*Asks:* 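Provided herewith is a single structure, encoded as structure tokens, for subsequent inquiry.
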Protein chains: 2
Amino acid sequence: MTRKPASARRQDLVEAGLRVIAREGMHGATVRAIVAEAGVPLATFHYIFASRDEMIGEAYAYIAEVPGTGAALPDGATLEDVVRASFLRWFERFLEHPEYELAIMEVMAYCSRTPSLAHLPGKVQEHYLEALGELLEHVRSELGIAAPAVPTRDVARLVLHATDGLTYAWLRTRDSDASLRWIDAVVPMLAAALGDER
Amino acid sequence: MTRKPASARRQDLVEAGLRVIAREGMHGATVRAIVAEAGVPLATFHYIFASRDEMIGEAYAYIAEVPGTGAALPDGATLEDVVRASFLRWFERFLEHPEYELAIMEVMAYCSRTPSLAHLPGKVQEHYLEALGELLEHVRSELGIAAPAVPTRDVARLVLHATDGLTYAWLRTRDSDASLRWIDAVVPMLAAALGDER
DNA sequence: GGCCGTCTTGGACAGGCGTCCGAGATGCAG
DNA sequence: CTGCATCTCGGACGCCTGTCCAAGACGGCC
């Protein structure tokens with residue numbers, strides 16, 4: 001096998017692990033399945049990771065690194081249009097790989113249950129909030145909205161609640177129409193919070 | 001061991017299973033852990049269920065049987081007040097046993113991954129919608145709101161999206177303040193949809 | 001009282017699991 | 001070229017998993 005530094009093997013295994021979890025779920029993500037996916041011998045796994053849990057934690061943290069959906073805003077769009085467009089774009093991305101979102105949900109549940117990983121879901125949320133916050137700030141400055149009375153971070157939390165609701169409900173029903181109606185319903189509220197109207 | 005009809009043992013095991021999943025997560029819900037919780041010998045399990053998966057499915061369906069939160073409305077309350085009060089009551093119940101909500105999430109993910117159980121999440125959602133629909137109809141008739149242009153079922157779906165968002169986000173962060181702010185933000189929208197204002 | 005459907009139960013089975021050991025290969029630093 | 005830190009990897013360890021069998025105990029009905 002081609003010789004690689006441990007850091008590179010680490011990333012290979014984390015990515016392979018995420019692929020396996022997305023395909024088979026947490027239940028099927030055994031050490032043997034993961035090394036098979038990565039194409040490395042079994043013993044490599046525990047040369048890199050002290051335990052399977054350590055790898056799961058690494059994988060969950062890895063998810064948070066994925067950048068948000070930076071959008072190019074059309075000129076003359078209202079705030080609500082921009083929010084709706086961004087939300088819809090996120091939803092399209094979601095629909096391309098819904099099994100990944102299910103995987104993330106499973107990993108977060110597993111981490112919640114595992115004492116050594118229980119702090120991670122909060123940290124991942126923190127990353128989400130930061131990335132989303134930047135996007136929202138960008139939108140605000142682009143549209144010339146100043147001196148917000150609702151802090152950006154609070155608006156980001158609302159947006160996250162909205163996407164979380166869509167995620168959970170969609171994964172149960174696979175009903176995209178209902179999701180679109182949900183988007184139609186929440187977007188005005190989110191835009192209002194972002195635009196600071198009362 | 002006291003002799004019981006299979007149907008009674010079935011319910012005992014389902015309830016024990018749910019307790020174990022709530023306490024240890026899906027990962028720790030082994031057949032042996034479940035029979036220990038129920039206080040029956042191992043072999044009883046496969047006298048009752050053909051497989052562990054069959055029991056998991058039964059447990060997930062069992063969840064949907066739990067009745068919704070029927071509320072006594074104070075006189076002279078506005079529609080928004082009633083919606084907010086109901087939502088808050090649900091949230092209080094949620095806070096009493098959040099680990100159960102996490103368990104439900106894990107079971108739903110597991111079912112999604114298991115071909116023979118993949119149809120269940122949709123069915124459970126259907127039960128939720130029905131129960132919630134009845135509650136909403138009750139509120140509507142109580143407040144004398146007639147001829148809805150937005151079908152009750154659609155409003156119920158919106159409410160479900162809102163509670164799902166709260167559930168998912170809370171389980172990551174355990175941030176009840178953020179949840180309350182979310183409730184404050186969505187309730188007017190939900191009330192508007194229920195009250196049929198545009 | 002004897003029968004028979006229903007329920008109980010100890011024990012075993014094969015297979016999969018996470019983890020670990022120790023010997024060998026590799027390739028840069030001196 | 002030698003030395004040493006780094007990486008590779010076959011194979012095994014003990015434990016736990018879901019599932020099953022076959023023998024026994026119960027208890028209502030003829």
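Here is the naming used below: chain letters follow the sequence lines, and residue numbers restart at 1 for every chain. All of these numbers come straight from a predicted model, not from anything done at the bench.
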*Asks:* Rounded off to whole Å, could you give me the CD-to-C1' distance for the A/Glu54 and C/dT19 pair?
*Replies:* 13 Å
*Asks:* Hey, does the side chain of A/His46 come within less than 4.0 Å of C/dC20's phosphate (OP1/OP2), counting only N and O?
*Replies:* no
*Asks:* Can a cation-pi geometry be assigned to A/Arg52 and A/Phe49, taking NZ or CZ under 6.0 Å from the six-membered ring centre and within 45° of the ring axis?
*Replies:* no
*Asks:* Taking salt bridge (Lys or Arg N to Asp or Glu O under 4.0 Å) as the criterion, tell me which of B/Glu37, B/Glu106, B/Glu99 meets it with B/Arg23.
*Replies:* B/Glu37
*Asks:* Taking atom CD of B/Glu130 as the centre, report whether more than 12 heavy atoms of other residues, nucleotides or ligands fall under 6.0 Å from it.
*Replies:* no
*Asks:* Determine the contact category for B/Thr2: base if any of its heavy atoms lies under 4.0 Å from a base atom, sugar-phosphate if only primed atoms, P, OP1 or OP2 are that close, otherwise nothing.
*Replies:* sugar-phosphate
*Asks:* Which comes earlier along DNA chain D counting from the 5' end, the contact point of A/Pro5 or that of B/Arg52, where each point is its nearest nucleotide?
*Replies:* A/Pro5
*Asks:* Taking atom types as modelled and ignoring hydrogens, do the side chains of B/Thr152 and B/Arg140 form a donor-acceptor contact shorter than 3.5 angstrom?
*Replies:* yes
*Asks:* Provide, to the nearest angstrom, the distance between the CZ atom belonging to B/Phe45 and the C1' atom belonging to D/dC21.
*Replies:* 18 Å
*Asks:* Which atoms form the tightest heavy-atom contact between A/Ile63 and A/Tyr128, and what is the distance?
*Replies:* CG2-OH, 3.8 Å
*Asks:* What are the residues of residues 15-29 of chain A, sorted by number, that bring a heavy atom to within less than 4.0 Å of DNA chain C?
*Replies:* none
*Asks:* For B/Leu42 and C/dG10, what is the distance between atoms CG and C1' respectively, to the nearest whole Å?
*Replies:* 10 Å
*Asks:* Does OP1 or OP2 of D/dT8 have a side-chain N or O of A/Tyr47 closer than 4.0 Å?
*Replies:* no
*Asks:* Between B/Arg9 and C/dT8, is there a contact of a side-chain N or O with OP1 or OP2 at under 4.0 Å?
*Replies:* yes
*Asks:* Check for me whether the distance between the ring centres of A/Phe91 and A/Phe87 falls short of 6.0 Å.
*Replies:* no
*Asks:* What string of B, S and - do you get for nucleotides 21-30 of chain C, 5' to 3', when a contact is any protein heavy atom under 4.0 Å?
*Replies:* B---BB----
*Asks:* Give one of base, sugar-phosphate or nothing for B/Thr30, where a contact means two heavy atoms less than 4.0 Å apart.
*Replies:* sugar-phosphate
*Asks:* So what does A/Arg32 hit on the nucleic acid, given a heavy-atom distance under 4.0 Å: a base, only sugar-phosphate, or nothing?
*Replies:* base
*Asks:* Just how far, in rounded Å, is C1' of C/dC20 from CZ of A/Phe49?
*Replies:* 17 Å
